[in-house]
There are 2 protein chains.
Amino acid sequence: MSVREEKKQKTKQAILDAAIALFSTNGFENTSIEELAKSAGVGKGTVYGYFQTKKEILYAFCEYELEQIHKELANRADPDAPILEQVLTIYMTEFNHVTQNKEFGRIFMRQTVFPNESDRQDHLEIEDKYFQLLFPILQKAQDRGELRRNIELLHITGHFYGLYILIMSSWYTGRIPTEEVSSALELIFQQALEGLQPHPD
Amino acid sequence: MSVREEKKQKTKQAILDAAIALFSTNGFENTSIEELAKSAGVGKGTVYGYFQTKKEILYAFCEYELEQIHKELANRADPDAPILEQVLTIYMTEFNHVTQNKEFGRIFMRQTVFPNESDRQDHLEIEDKYFQLLFPILQKAQDRGELRRNIELLHITGHFYGLYILIMSSWYTGRIPTEEVSSALELIFQQALEGLQPHPD
DNA sequence: CTTAATTTTCGACTATGGTCGACTTCTAAG
DNA sequence: CTTAGAAGTCGACCATAGTCGAAAATTAAG
């Protein structure tokens, strides 16, 4: 690697490290770019050379977290466990990361679930990663007869995802305390599997 | 009403009218408070006498819209129609309002689904209005045997709400075009009623 | 009507996200 | 080694959200 590239990487990392430290301590809105730049040992303009907006610094961190989550899941996954268990593991792994930094999580979710026109592309990429993770799991469950065959995988994925967003929302609004998230998620996923209407018997 | 109170109300309305006009034409972010104040024929400080932040002006509009929606629903509602039809009507009514101003809708959804600590209270009030709207409808459906009796109404409400958020998200990200929202919503609600797993038969 | 107290209005001011273009450092061709 | 030009750095500067206290308008008591 050339001297230039090496420096670049170091600078970017310094900015990110400073950002994580400052955002975590003082919150996103209470950290000014000037402060952040000073802490990273660079000028304000340099920060904007690496990130187009203040929020983008946050996303860089979130994406890194997301990668960690995906790696963690690759280890944990048991493709033959009941579908409920697997889906729960996936979303609880994500949730556990979010609890470690509520502020990052909120801004990330807001942006991901209701993106600006300009951020659509990033959003779609992130969602695709999810689908790639979930599809084979759901496929197998469908093959085992745990899921109906006449529903598209995309719709099943969406169904679980929608309910996960709901639970996260309930957590962010304080309706569900941290320790109850797991059981709430399990309950509503179970409900989704069984259906809301009585079974014809 | 005293002269003072009358003036106050007029001023507030003038600010709101100007805001709706400008936000709709130029978007929320492209409208400065100074511009808005000028358009409303008041000083900048006066705007902040009526609204604490720029976003609060938006919420005032959103709350007004929400009231309109609730009024509209009160007329439309047919408490004896199938539950799927009723729930669809409710969410499609809301969606139709949102399409009339995408920008308001996004910010409103972001704030409602993932609120700041400081806005929690407002959020809960808005959600309560929903529950009050949905509860009697679900109750009746449960009585008619259209919904399982061993699920709490709150969970059923949440389930539908989570799926609505999902569809809205898909719309905001461009995954679902406007004209397909209705059928997508119907499909996923149907799926929720029937359950994702095969029926034991 | 006068006047003191209260409420409302206003725009200069502050703080900060983001831009700009001058300056510095690195690269690579000759 | 030189040197032209590319890549990266920087902080003064700009625009705008939000604050503040002085000025104006309204009220109510005498």
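Values reported hereafter were calculated over all heavy atoms of this structure, with side chains retained and with hydrogens, waters and symmetry mates removed.
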- prompt: Side chain of B:Lys54, base of D:dG18: donor and acceptor closer than 3.5 Å?
  reply: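 Counting by modelled atom types and ignoring angles, no donor-acceptor contact under 3.5 Å is found here.
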message: I want to confirm an ordering. Mapping B:Asn30 and B:Lys7 to their closest nucleotides on DNA chain D, which one lands closer to the 5' end?
response: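 Its nearest nucleotide lies further toward 5', so the answer is B:Asn30.
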- request: Starting from the 5' end of DNA chain D, give me the residue, B:Thr31 or B:Gly45, whose nearest nucleotide shows up first.
  value: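 Nearer the 5' end of the strand: B:Thr31.
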Atom [atom1] of [X] to atom [atom2] of [N]: distance rounded to whole Å?
X	N	atom1	atom2	value
B:Glu56	D:dA17	CD	P	15 Å
B:Ile33	C:dG11	CD1	P	15 Å
B:Glu35	C:dG11	CD	P	16 Å
B:Gln9	C:dT8	CD	P	12 Å
B:Gln52	D:dT19	CD	C1'	12 Å
A:Leu36	C:dG18	CG	P	12 Å
B:Glu5	D:dT27	CD	C1'	12 Å
A:Ile15	D:dC10	CD1	C1'	12 Å

query: Counting N and O atoms only, with roles assigned by atom type, does the side chain of A:Tyr164 sit under 3.5 Å from a partner on the main chain of A:Leu185, one being a donor and the other an acceptor?
result: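 Such a contact is absent between A:Tyr164 side chain and A:Leu185 backbone.
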- prompt: Does the B:Gln142 side chain pair with the main chain of B:Leu147, one donor and one acceptor, at a distance under 3.5 Å?
  reply: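 Flag not set: sc B:Gln142 to bb B:Leu147 has no pair under 3.5 Å.
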OP1 or OP2 of [N] sitting under 4.0 Å from any side-chain N/O of [X]?
X	N	value
A:Thr46	D:dC10	yes
B:Tyr48	D:dC20	no
B:Lys8	C:dT8	yes
A:Thr11	D:dT9	yes

Sugar-phosphate, base or nothing in reach of B:Phe51, heavy atoms under 4.0 Å: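 It contacts nothing in the nucleic acid.
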- request: Please determine, for the side chain of A:Lys44, which listed nucleotide (D:dT9, C:dT25, C:dG17) has the closest atom?
  value: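 So the nucleotide nearest the side chain must be C:dG17.
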Closest listed nucleotide, where the reference is the side chain of A:Ser32 and the choices are C:dT9, C:dG17, C:dC10: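 Looking only at side-chain atoms, A:Ser32 lies closest to C:dG17.
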- request: Nearest 0.5 Å please: distance from the CE atom of A:Met168 over to the CZ atom of A:Arg106.
  value: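 Interatomic distance, A:Met168 CE to A:Arg106 CZ, rounded to 0.5 Å: 10.5 Å.
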- request: May I ask you to establish whether B:Lys12 and B:Phe51 are in a cation-pi arrangement, using a distance under 6.0 Å from NZ or CZ to the six-membered ring centre and at most 45° from the ring axis?
  value: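 The answer is yes; both the distance and angle limits are met.
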query: Got a salt bridge between B:Lys10 and B:Glu6, using NZ or NE/NH1/NH2 to carboxylate O under 4.0 Å?
result: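 Between B:Glu6 and B:Lys10 there is no salt bridge, as every charged N stays at least 4.0 Å from the carboxylate O atoms.
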